[in-house]
Amino acid sequence: QVQVEESGGGSVQTGGSLRLSCTYTYSVFCMGWFRQAPGKEREGVAFIDIDGLTSYSNSVKGRFTISKDNTKNTLNLQMNSLKPEDTAMYYCAAESARIPCTGVVAYFGDWGQGTQVTVSS
């Protein structure tokens, strides 16, 4: 079971940027970011597989960039042009099995505790 831990959340104004990081104990097949706003279901944001193939939700495509540095065991999410609707708890997730590396919550077995992102208008 891979251990993951997020950092980098905070508060910004609309149009601002934040960079989230997630440290992990060892590299696995698929890693990604989910988010959950109060009263809403957890949704997939961005994902990267072991070959570096990435995928994004339509709501963040063109604004967010996911990357991974296996030399530092760190997963990053660069978030630009932030909007109030991006406000949520952001979770790092990992899965060792060869799953479709996309935003299906049930596919992922290892989760972090989350980091809060708040975007004010």
List the atom of [X], the atom of [Y], and the distance in Å for their closest heavy-atom pair.
X	Y	value
Arg19	Ser67	NH2-OG, 4.4 Å
Thr87	Val119	OG1-N, 2.8 Å
Ser17	Ser81	OG-N, 4.4 Å
Ala97	Phe29	O-CD2, 3.3 Å
Ala46	Tyr56	CB-CD2, 3.6 Å
Gln36	Lys40	NE2-O, 3.1 Å

Exercise for the section: Given side-chain contact (heavy atoms from CB on, under 4.5 Å), test Ser121 with Gln13 step by step and report yes or no. Expected result: CA-CA 6 Å; Ser121 57; Gln13 292 188 329; over 6 Å; no
Taking the side chain as everything from C-beta on, heavy atoms only, tell me whether [X] gets closer than 4.5 Å to [Y].
X	Y	value
Thr115	Tyr91	no
Val104	Phe34	no
Thr25	Asn73	no
Leu82	Phe64	yes
Met79	Trp33	no
Leu77	Thr65	no
Asn76	Ile66	no

Handout entry: In one Ile/Leu/Val/Met/Phe/Trp/Tyr side-chain cluster, 4.5 Å: Leu18, Met89
Key =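 Looking at the clustering, Met89 is in a separate group from Leu18.
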In Å and rounded to the nearest 0.5 Å, what is the [atom1] to [atom2] distance from [X] to [Y]?
X	Y	atom1	atom2	value
Ile99	Cys30	CD1	SG	4.0 Å
Lys68	Ile50	NZ	CD1	6.0 Å
Thr74	Leu20	OG1	CG	12.5 Å

Practice task
Examine the side chains of Asn70 and Tyr24 and answer whether a donor and an acceptor come within less than 3.5 Å of each other.
Solution key: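 Note: Asn70 and Tyr24 side chains meet the donor-acceptor criterion.
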Problem - Flag for Gln78-Asn80: side-chain donor and acceptor within less than 3.5 Å - result: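 Yes, side-chain donor-acceptor contact under 3.5 Å.
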Practice task
Answer with yes or no after comparing the ring centroid distance for Tyr107 and Phe47 against a 6.0 Å cut-off, counting only values under it.
Solution key: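 Not close enough - the centres of the two rings lie 6.0 Å or further apart.
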Hey, can you pull the donor-acceptor pairs under 3.5 Å for the side chains in residues 2-9, sequence neighbours left out?
residue, atom, partner, partner atom, Å
Glu6, OE1, Gln113, N, 3.1
Glu6, OE1, Gly114, N, 2.9
Glu6, OE2, Cys92, N, 2.8
Glu6, OE2, Gly114, N, 3.2

Exercise for the section: Determine, step by step, whether Ile48 and Leu75 satisfy the side-chain contact (heavy atoms from CB on, under 4.5 Å) criterion, reporting the C-alpha distance in whole Å, the side-chain angles of both residues, the deciding distance to 0.1 Å, and the verdict. Expected result: CA-CA 9 Å; Ile48 186 166; Leu75 178 75; 3.6 Å; yes
Problem - Selection residues 86-97 - residue pairs positive for salt bridge (charged side-chain N to carboxylate O under 4.0 Å, His left out), sequence neighbours left out - result: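 Checked against salt bridge (charged side-chain N to carboxylate O under 4.0 Å, His left out) - neighbours excluded - the pairs reaching residues 86-97 are Arg35-Asp86, Arg63-Asp86.
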Exercise for the section: Using side-chain hydrogen bond (donor to acceptor under 3.5 Å, both in side chains) as the criterion, list what pairs up with Ser57, not counting sequence neighbours. Expected result: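 Once residues adjacent in sequence are excluded, the partners of Ser57 under the side-chain hydrogen bond (donor to acceptor under 3.5 Å, both in side chains) criterion are Ser59.
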Practice task
Determine yes or no for a side-chain-to-main-chain donor-acceptor pair under 3.5 angstrom, with Asp51 supplying the side chain and Leu53 the backbone.
Solution key: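 Answer holds: no.
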Handout entry: Neighbour count above 12 (heavy atom, 6.0 Å) for Glu85 CD
Key =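 Counting neighbours around CD of Glu85, more than 12 heavy atoms of other residues, nucleotides or ligands fall under 6.0 Å, so yes.
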